[in-house]
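The structure appears right after this line, and notes come after that.
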Number of protein chains: 2
Amino acid sequence: MTIRLLLAEDQELVRTALCALLDLEDDFEVVAAVGRGDQVAEAAREHRPDVALLDIEMPGLDGLAAAAVLAQRAPRCRVVILTTFGRAGYLRRAMEAGAVGFVVKDAPAEVLADAIRRVSAGERVVDPELAAATLAAGTSPLTARERDVLNASRPGAGVAEIAAKLYLSEGTVRNYFSSAIAKTGTRNRTEALRVADERGWL
Amino acid sequence: MTIRLLLAEDQELVRTALCALLDLEDDFEVVAAVGRGDQVAEAAREHRPDVALLDIEMPGLDGLAAAAVLAQRAPRCRVVILTTFGRAGYLRRAMEAGAVGFVVKDAPAEVLADAIRRVSAGERVVDPELAAATLAAGTSPLTARERDVLNASRPGAGVAEIAAKLYLSEGTVRNYFSSAIAKTGTRNRTEALRVADERGWL
DNA sequence: GACGCACCATGACAATTGTCAGCGGGAGGG
DNA sequence: CCCTCCCGCTGACAATTGTCATGGTGCGTC
């Protein structure tokens, strides 16, 4: 019984290479390979894969959002998130989005193959080390608005731009920064943004 | 006549996958695959590859530095830089490091195969679009010290830490920031860092 | 209904950051 | 030799940023 795979990965070379790798396994068949998150649902509808391998960083729709869409529109298709970096918060969000597997790209090939087989058999597969890190990072203490402000400050924007974009007073924006800085235990926005990002508190 | 390849890429899954992909071509033979930049020279000495495919982001030694080492220690081995993102400045630095080819990871597989063949035949291979962007970005107007200061501010460090790390006065650090901000046409450090980074002015 | 909490805002204050002018030294180039 | 440019420093100033106290709203919960 062969397992039908959908592969979503934006870098074409990597996508092609993963196809080649997965095709080496007798019991795998890559039935669709797409380069954008917003092509995942369409491809799944058309090719009915058993397992979808989704990268997180993708244009159009990120892998997490794509996973959520799949969970709703193609519940028979198991989702495995395949990502570059084991960001602690990614795992939580992946699980919330309905993924049942999570593999980092610097794992050996056998781990991926194994994960695919176990997931298609109904198991959940998560790197235990990463799971521990996720639990350790805890749930986000940031309030919705604090997240908004941090996100809006990404390209290095000043208070004025952020306030305008979010229809807030400048003082309010600075207050949110202040509390975010306190909650991350840092000393300025830049660091607060970095830390919150690393912890997956975005 | 088969082309002997050395592959350096830190993410094991991607490395394995690229191996599988390259092995599909009859005239390629992957003779070595390593996961760290500082293993490149050793592997080249031992396996005498015709072409080395080097990722840029790697632990130990980055691909650019590894290319420089190869150019010196194994001049018969042509270097192709294979990188995730077509950062404008990467190309210049790759060429300075002695690379003769430059391929981005979201190119199609044929482009990579073609690049390898042409490079091994003595040609130089560069994505023309990227070359144009590199020329457009021009050469860095930043002074060595300005670069140092920007680099030191990466994790969101404050003036005090940077001054300490570089044995400079705090005022001096702020002056360098100021001129960097002016030269990048931005309004604060964060933005200046981002822009300088994007332009490859690191 | 009292309570906690997120939300939005002020105003005031201190600390940090960005800008500017100027000083001296050393390296290179005409 | 003079000129330019990078280096490093200082001091002063304005702007931005971080902190704190305070106050009002609405929501959900006990």
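In the text below, chain A, chain B and the rest are named by the order of the sequence lines, each starting its count at 1. These numbers come from the heavy atoms of this one structure, side chains and all, not from hydrogens, waters or symmetry mates.
Across the protein-nucleic acid pair, K183(B) atom NZ and dT19(C) atom P stand 13 Å apart, rounded to whole Å. For the pair E146(A) CD and dC8(C) P, the computed distance is 11 Å after rounding to whole Å.
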- Item | Protein proximity profile, nucleotides 9-20 of chain D - base contact B, sugar-phosphate-only contact S, no contact -, cut-off 4.0 Å on heavy atoms | BB------BBBB
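When the side-chain nitrogen and oxygen atoms of Y176(A) are compared with OP1 and OP2 of dA6(C), none of them lie within a distance under 4.0 Å.
Partner of L91(A) under the side-chain contact (heavy atoms from CB on, under 4.5 Å) criterion, out of I81(A), D127(A), L130(A): L130(A) alone.
Stacking of R145(A) on the aromatic ring of Y176(A) is not recorded, the 6.0 Å distance cut-off and the 45° axial limit not both being met.
Between E123(A) and R118(A) there is a salt bridge, since a side-chain N of the basic residue sits under 4.0 Å from a carboxylate O of the acidic one. The pair E42(B)-R45(B) meets the salt-bridge criterion, with a side-chain N (NZ, NE, NH1 or NH2) lying under 4.0 Å from an Asp/Glu carboxylate O.
Counted by atom type alone, E146(A) and S179(A) present one or more donor-acceptor pairs between their side chains at under 3.5 Å.
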